[in-house]
Amino acid sequence: MQRRLRWTALVLVAALGAAACGDDSGNAAGDTTTTTGDASGSGSADFELDEPLKIIGLWEIQGESSNANNALEDAAQIAIEEINSAGGVGGRQIDYKRVSTNITDPTKTIAAVREALEEGPSILIGPAGAAGSIAAAPLAEQAGVPMLALGQDDRLFNGAESGNDHVFLMAPSAAAQAEVGAQLAVEELGAEKVGIMYVNADLGTSALPSLRKGIADAGASVTEERNYAFDATDLTAQVLAMKGSDAVINWGYPNPLGVQLNQFIENGLDIPTIGAAPAAITVNSGLAKGKAIEKLYAATYCNPLDDQRPVAQTFVEKYRDRSGKDPDAVPAGAYDAIYVAVAAAEAAKSADPAALTSAMAEVTTEGVCAKAYKADSRNLLHHEISAVSFADGTPKTMKVYETK
Amino acid sequence: MSNFVQLLASGIAQGAIYALAALGFLLLYKATGVFNFAQGDLMTLGAYLAYWGVNDLGMPVALACILSIALLFVGGVVLERVAYAPLRGQSMYVVVIATLGAATAIRAGIGIWQGSDPKRLDSLVGQNVFELFGATIAMQRVVIIGVTAVAVAAIASMLYRTQLGRQFRALADDREAAQLQGIRASRLAMLAFGLSTAVSALGGIMIAPLSAVDLNLGFGVMLGGFAAALIGGFGSMSGVIVGGVLIGVVQSVVGAYVMPNYSEAYPYILMIAVIAVAPRGIFREHSSSRL
């Protein structure tokens, strides 16, 4: 009798131990952690989907508009190929389709998203720009389909004016990014007087309050604020106004940033410039080089080129093979979005849009562009911003900021 | 003082580019009565062709620029055959819409050919600068001013010192009378399209080294050129040249000191003011229909 009791107690202890181990892995708490690029488990998942996971990418490819290139499609195709070659999701190949989606004309965006929704997707990824994402957000909500927006705009937060509970943001907070730009200028580069240049478009004007706040919070002052057109070819007046600053924050597109950097050299202005994410394009396209970029820095979503994690290095290698170019944050985000969608499907064990929307809160995905994509109460998935230096022409990560 | 000199030099250089765009408008309008709204995209195409010559064909910059101008002259003739000649006799609005269609086709074609990533076209004079009254001025801006002056002088000399130029001016003065005199308007239209697009290419090639070669390069310049042509009154060469330089200087110099964050609007404010005060342009009265 005593022997039987001892065995019963032993079995109970073992069962409790196993349960405790289950808690540690997170599964019992309903949280699932996956890693991009690691598609090995997808095909052999312990569930079977009735319908394939249907992902629609909302972006353009080269030639479809003046803003279009193949970066997003190339990155998405890499992820899809990785996952499908490993067996797909829930025993089925991912059904992937791209719908050409213009990001600057909301009317065209809306038409494209409607076309995409008629296909009956499990999840939408894109559009790439803020204006496009804002135009698409209500359509995703009406259709009850989750949307992983690649555009960056804090108005898309769940609860903000353009967000809703179906829209999830793959890019970090724009306000936080601008504040990191200011912190970089003041705290890392030691500027006490900071000049601000910004494009007279949403990217620049919406960041302006955060730039001012970041500079003030860091204990520095703003010397001058000057805007410019998105296609400016001459920034003489703006550059001359920056004389007397210790550093300049230029929040704008690649071409005018190149104009400014070259005009700084012409004018003997040897002070740091801090740009936004497009600064990488300025350097990669050779719009400014040599001495002009020696003091160029950027606050950007991520810097895959200088990320030594295997997931980042593998992606960089595959992207180079496919496109012949170095990837920046933009394709990295699209690649990661495919994996976030897959993680949600695996957590939900379903390809149903409603189930995916619910599962988004449960999943944590290690990506190329973020160590952990995890939805917060605003549906913001990305919580890191990298401070990058371009001194020798290749981006080097100086510091990674965790953001709200 | 040095800042003023620098702003003035930048303004004149920017104005010279507007003047080239305006000259392209003027040449075509006078010879055919058409506003070619593909002008901006032709300017963009000119810069891309020069980039292609340098980077893909391995040509020196100067040779690539000449190739680009020559190719666009031919392109202008083709444009006339495709988008203008079949519509001859139609309302001007139909032709203008055709040029907008051509603009879209050119832009889409460049996008398919070269993609949307910006590209760098090196300058003939590198990134050299020189000092004037303490101001640092990029040599490329001096090149722009010089090349524009030479181009304007060459076109003026063609118009006023050659038989062909006399035919052009006769056509501009009175189309029907000129045709009755045996002037072949269709051949002159082809030449006007060719010259106009070649001038556009020149503008694109000049401005690209200061910024980047991308699909939007020519659009803003075209708008500035159109404003310059309106200010000049679409009447005389000197009118559009002065209009272009005036816009550039106002934008650069006045825009630096007076409400600088609104300087992008100054060309159009100036244009509206001129239209309000002198609806036919500031030079129109003295040169009502001359080139």
Side-chain angles (χ1 to χ4, degrees), chain A residues 60-71 104 197-200 204-205 208 224-241 243 253-269 278 281-282 284-292 323 325, chain B residues 2-4 6-11 13-14 17 41 44 107-120 122-123 127-129 135-141 207-221 223 248 251-257 260-265:
Chain A
E60 295 176 311
I61 57 172
Q62 183 171 320
E64 291 182 343
S65 83
S66 59
N67 302 303
N69 60 33
N70 294 332
T104 53
M197 292 173 64
Y198 60 99
V199 65
N200 191 8
T205 52
L208 191 57
E224 284 284 349
E225 289 178 7
R226 292 293 172 100
N227 70 18
Y228 54 79
F230 79 98
D231 58 351
T233 55
D234 178 16
L235 295 174
T236 303
Q238 289 85 345
V239 165
L240 292 176
K243 284 183 174 175
Y253 299 119
N255 298 5
L257 177 62
V259 174
Q260 177 244 302
L261 292 167
N262 290 321
Q263 289 202 273
F264 265 30
I265 296 301
E266 290 167 18
N267 285 277
L269 268 171
I281 300 171
T282 306
N284 288 342
S285 302
L287 304 185
K289 45 192 169 186
K291 194 168 165 50
S323 71
K325 296 175 184 171
Chain B
S2 65
N3 279 7
F4 178 79
Q6 193 161 339
L7 290 164
L8 188 63
S10 290
Q14 192 70 21
I17 296 292
D41 291 289
T44 305
R107 186 178 285 222
I110 299 171
I112 292 166
W113 175 40
Q114 289 283 344
S116 64
D117 292 341
K119 304 180 189 316
R120 171 135 186 119
D122 287 329
S123 161
Q127 285 191 286
N128 295 324
V129 296
T136 314
I137 297 164
M139 283 301 293
Q140 179 63 20
R141 294 187 203 285
I207 197 75
L210 291 175
S211 57
V213 182
D214 87 347
L215 291 168
N216 297 311
L217 176 71
F219 185 74
V221 179
L223 292 182
Q251 191 172 13
S252 181
V253 180
V254 180
Y257 297 108
N261 283 342
Y262 296 90
S263 63
E264 291 303 322

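We name chains A, B, ... by the order of the sequence lines, and we start the count at 1 in each one.
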Q) Rounded to the nearest 0.5 Å, how far apart are CZ of B:Phe4 and CG of A:Leu240? A) 12.5 Å
Q) Is the side chain of A:Ser285 donor-acceptor paired with the backbone N or O of B:Pro118 at a distance under 3.5 Å, no angle test? A) yes
Q.
Looking at every heavy atom in both B:Gln114 and A:Gln62, which two are closest together, and how far apart are they?
A. C-NE2, 3.9 Å
Q. For B:Glu264, is it the side chain, the backbone, both, or neither that has a heavy atom closer than 4.5 Å to a heavy atom of chain A?
A. side chain
(Q) Side chains of B:Gln6 and A:Asn267 only: does a donor on one sit below 3.5 Å from an acceptor on the other? (A) yes
Q: Please check if any side-chain donor atom of A:Thr233 sits under 3.5 Å from a side-chain acceptor atom of B:Gln14, or the reverse.
A: yes
Q. Counting only heavy atoms not in A:Lys291, do more than 12 fall under 6.0 Å of its NZ?
A. no
Q. Looking at CG of B:Asn216 and OH of A:Tyr253, how far apart are the two atoms once the value is rounded to the nearest 0.5 Å?
A. 10.5 Å
(Q) For B:Tyr257, I'd like to know if atom OH has over 12 heavy atoms of other residues, nucleotides or ligands within 6.0 Å. (A) yes
Q | Residue selection (most heavy-atom pairs with chain B, distance under 4.5 Å) from A:Asn69, A:Val259, A:Asp234, A:Thr282 | A | A:Asp234
Q | A:Ala68 versus chain B, the contacting section by heavy-atom distance below 4.5 Å | A | backbone
Q.
If you count heavy-atom pairs within less than 4.5 Å of chain A, which of B:Ala138, B:Ala13, B:Ser252 leads?
A. B:Ala138
Q) Quick one: what part of A:Glu225 sits under 4.5 Å from any heavy atom of chain B, side chain, backbone, both or neither? A) backbone
**Q.** Which portion of B:Leu210 sits near chain A, non-hydrogen atoms under 4.5 angstrom
**A.** both
Q: Return the minimal non-hydrogen interatomic distance between B:Ser10 and A:Thr236, and the atom names on each side.
A: OG-OG1, 2.7 Å
Q) Atom CD1 in A:Ile61, atom CD1 in B:Ile112: separation rounded to 0.5 Å? A) 9.5 Å
**Q.** Which portion of B:Asp41 sits near chain A, non-hydrogen atoms under 4.5 angstrom
**A.** neither
**Q.** Closest-packed option against chain B by number of heavy-atom pairs under 4.5 Å, given A:Gln238, A:Glu266, A:Glu64
**A.** A:Glu266
Q | Nearest-0.5 Å distance, CG of residue A:Leu287 to OG of residue B:Ser211 | A | 8.5 Å
Q. Which atoms form the tightest heavy-atom contact between A:Gly286 and B:Arg120, and what is the distance?
A. O-CD, 2.8 Å
Q | Non-hydrogen side-chain atoms of B:Asn261 and A:Tyr198 separated by less than 4.5 Å | A | yes
Q: Indicate yes or no: at least one non-hydrogen side-chain atom of B:Gln140 is less than 4.5 angstrom from one of A:Asn262.
A: no
Q. What part of B:Gln251 is in contact with chain A, defined as an atom under 4.5 angstrom from a non-hydrogen atom: side chain, backbone, both or neither?
A. neither
Q. So how far is it from B:Asp117 CG to A:Lys325 NZ, rounded to the nearest 0.5 Å?
A. 4.0 Å
